[in-house]
Amino acid sequence: MPELPPVPTLLATAVEALGGTPRKGQQTMAAAVAHSIDTKEHLAVQAGTGTGKSLAYLIPSLRHAVQSGRTVVVSTATIALQRQLVDRDLPRLADALEKPLGRHARFAILKGRNNYLCLNKINSVIPDEPADAELFDAFAISRLGREVQRLNEWASDTETGDRDELAPGVSDRAWRQVSVSARECLGKSRCPFGADCFAERARSESGQADVVVTNHALLAIDAISGIQVLPEHDVVVIDEAHELVDRVTGVATAELSTATISAAAKRCAKLVDEQETDRLEGAAESWHDLLEELPAGRWDTLPGGASSVLALIRDAAWNCRTALAPPGSSAPQGDPEAAAARNQAVAAVEEVHDSAVRALTTFDEPDPAARRDVIWLSADEVRGVARRSLHMAPLSVGGLLRSRLFGTATVLLTSATLQVGGSFDGLAVTWGLPPQSADRAEHGADTPERGPDPALANGAEAPSDSGAIRWNSLDVGSPFDHAKSGILYVAKHLPPPGRDGLSPAYLDEIERLIRAAGGRTLGLFSSMRAAKAATEALRGRLDTPVLCQGDDATGALVRRFDEDPETSLFGTLSLWQGVDVPGPSLSLVILDRIPFPRPDDPLLVARQRAVESRGGNGFMAIAANHAALLLAQGTGRLLRSTDDRGVVAILDSRLATARYGTYLRASLPPYWETSDPEVVTKALQRLTGTAPTPTSG
């Protein structure tokens, strides 16, 4: 194939065709991505909002795919970005670059199998057994029935079977009635609907595509399972890369509850001897009794009696598994409906068995800092029903990512937020990459200004592989002039936040700021309790509307907020990262406190302790980095276009007074800073036209 035009030429062609204007940061990033693909060196790029990073990585990716004939995988953390790429960016690029590339570029979206409607399941009469007692509530059952009926009707109309295309959506319980996991699937050759399978069709299309768009969860499944889910590829682009570790951790986390064990037993009913299901049900009852006696929290050792009950669960689940279909044997041919029921039962008991084994073997390692997993017991209440579950999550995913991701393809990571404390190392070491700051140890890892210890999340040195894995980093900046467009106000005069909710001084400060802004406020709170308390208090004190997350669907609330400049919107974590409202409706972002992880978060606390056990600064490596990323994401809600102006107000005085404050502020955009309330009040009044009219004397 003749050599294609270079990336700068393709980028200029695309920008002109799309009616855009050249952007220096976009050009720099595109050239760096192209260089990394050519040299096979990994690259981390921080690209601020408005850079146009999607085009900066898609154009080199399309060129490489067309030139080499190899697929490029693009992974995102959110559905919104997937839709932007597949519905807008890639179609427009394929049209704009058809002539210089020599053909129309092909692209596809690929998700996990359980995101697609299963034709065999929807045409069978085998219902899923409800795992939660709440499903026996008459109202819940009737709602579930209505949703399943709508799904049946939708099955006749949909061309993709993709859950995300169903509007309005349905509950997870309803979707489980019409979908299967990879373990439960009969396989294309054995399924009577295999030729028309939505999931198989999506996978087939992805195998012919130049660019395949997927999500971090499926990327993790592909890496963890060892089973090829994604098509053959040699380049992976990870957008929203600041989410990667959390998403991979989520996929690698298991849960063992009374409900999951009982559900597995019910699936086995009528398929194995009653004696085997009775043993599994008995194990579920023993598990329930044990968990009821234990306090919620992390397990540093196996509690008394846990070992014998877990062994009982393990053995009972394995006996059912063997009775269903001995491992290694082929499943009997015949009735597809019966085969599907058997597959679902096998998947359920295997999950129970594997979780019990995982919990038992974790404690074979006596040193908690050296264990592969962190285990904790949670106690929640859902609609009045108590739920106690054992959770198992990896202490670190760095080694997994290093060997299964960075060791198999060229990886390009990008986000608006990748530097914490002014360095890429904080995130890089959690990805399993060696730190770039070779002098870190010499200066001491405990210095807040220098960031976290150069180790994996569990405190161990990143595997060197004789230095075989190399990576580069680049900050292409932002098209925004932060110092002229925004003010960072730290309310230094307020007392440090306490544990008893928002103090009167905080509520007074919020009221004063919102009045000065004339509404136009996004309030980001560290907990839903704080968001609701602030909403209740401020609704009685302001004459402008205040919306609260949970009043309606989040998307609907954001639209209402965007449409009415006098409206304020309060909420918690999803709003810290998911709100994109350019223009005059958003002139003030309020953060109630530094978003440190909860002190009782078992996984983060275990990771922090592991770093400390190896001589590092666990607080800085885990808690401060967690807070820095969220702060950067939250403050990034303010400027969404080059015309935006406004204030970010952080009410937590520790950002100005604590030793770690310098490190956290180094992670934020370079706004003009002040701690003077009068300066901020007058700036907001001038900006939003709310300054009082002077009276004539």
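Reckoned from all heavy atoms, side chains included, excluding hydrogens, waters and symmetry mates. Counting begins at 1 with the first residue of the sequence.
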> How far apart are the closest heavy atoms of Met392 and Leu390, and which atoms are they?
Replying inline: CE-O, 3.9 Å
> Do Lys40 and Asp234 sit within salt-bridge range, that is, some charged N less than 4.0 Å from a carboxylate O?
Replying inline: no
> Where is the tightest heavy-atom contact between Leu151 and Leu117, given as atom of each residue plus distance?
Replying inline: O-CD1, 4.2 Å
> Roughly how far, to the nearest 0.5 Å, is the CG atom of Leu405 from the CH2 atom of Trp431?
Replying inline: 10.5 Å
>> Could you walk me through whether Val235 and Val73 satisfy the side-chain contact (heavy atoms from CB on, under 4.5 Å) test, starting with their C-alpha distance in whole Å, then the side-chain angles of each, then the deciding distance to 0.1 Å, before giving a yes or no?
In response: CA-CA 6 Å; Val235 174; Val73 171; over 6 Å; no
> Under the ring-ring contact (aromatic ring centres under 6.0 Å, His included) rule, what pairs show up with a residue in residues 61-91, not counting sequence neighbours?
Replying inline: none
> Do Asp239 and Tyr57 get their side chains close enough for a donor-acceptor pair, meaning under 3.5 Å?
Replying inline: yes
> Can you list every pair that meets salt bridge (Lys or Arg N to Asp or Glu O under 4.0 Å) and has a residue in residues 247-258, with sequence neighbours left out?
Replying inline: Glu243-Arg247, Glu255-Arg387
> Looking only at heavy atoms, what is the nearest atom pair of Ile122 and Ala155, with distance?
Replying inline: CD1-CB, 3.7 Å
>> Could you check whether Asp273 pairs with Arg279 (Lys NZ or Arg NE/NH1/NH2 to Asp/Glu carboxylate O, under 4.0 Å)?
In response: no
> Cut-off 3.5 Å, side chains only: do Asp89 and Gln84 have a donor facing an acceptor?
Replying inline: yes
>> Can you tell me how far apart CG (Leu85) and OG (Ser54) are? Round to the nearest 0.5 Å.
In response: 5.0 Å
> Among Asp87, Val74, Ile109, whose side-chain contact (heavy atoms from CB on, under 4.5 Å) with Gln82 holds?
Replying inline: Ile109
>> Quick check: closest heavy atoms across Leu280 and Ala317, and the distance to 0.1 Å?
In response: CD1-N, 3.8 Å
> Who passes ring pair (Phe, Tyr, Trp, His ring centres under 6.0 Å) against Phe193, sequence neighbours left out?
Replying inline: none
> For residues Glu147 and Ser171, is any side-chain donor paired with an opposing acceptor at under 3.5 Å?
Replying inline: yes
> Does a donor on one side chain sit under 3.5 Å from an acceptor on the other, for His216 and Ser75?
Replying inline: yes
> Has Arg150 got more than 12 heavy atoms of other residues, nucleotides or ligands less than 6.0 Å from its CZ?
Replying inline: yes
>> So does Leu395 get a backbone contact from the side chain of Arg607, meaning a donor-acceptor N/O pair under 3.5 Å?
In response: yes
>> Quick check: do Ser179 and Lys121 have side-chain heavy atoms less than 4.5 Å from each other?
In response: no
>> Before you tell me yes or no, could you show the steps for Glu351 and Thr260 under side chain to side chain donor-acceptor pair (under 3.5 Å), namely the whole-Å CA-CA distance, both residues' side-chain angles and the distance that decides it to 0.1 Å?
In response: CA-CA 9 Å; Glu351 182 177 344; Thr260 56; over 6 Å; no
> Distance only, no hydrogens: is a donor on one side chain within 3.5 Å (strictly under) of an acceptor on the other, for His42 and Ser36?
Replying inline: no
> Would Arg113 and Glu200 pass as an ion pair if we require N to O under 4.0 Å?
Replying inline: yes
> Between Val349 and Cys268, what is the shortest heavy-atom contact and its length?
Replying inline: CG1-SG, 3.4 Å
> Once you round to the nearest 0.5 Å, how far does CD of Glu240 lie from CD1 of Ile238?
Replying inline: 11.5 Å
>> One thing to verify: whether Arg103 and Glu98 come together as a salt bridge, which I'm taking to mean a side-chain N less than 4.0 angstrom from a carboxylate O.
In response: no
> Judged by modelled atom types alone, do Thr417 and His242 share a side-chain donor-acceptor pair under 3.5 Å?
Replying inline: no
>> So for atom CD, which belongs to Gln228, do other residues, nucleotides or ligands contribute more than 12 heavy atoms lying within a distance under 6.0 Å?
In response: yes
> Which heavy atom of Asp222 sits nearest a heavy atom of Val229, and at what distance?
Replying inline: OD1-N, 2.6 Å
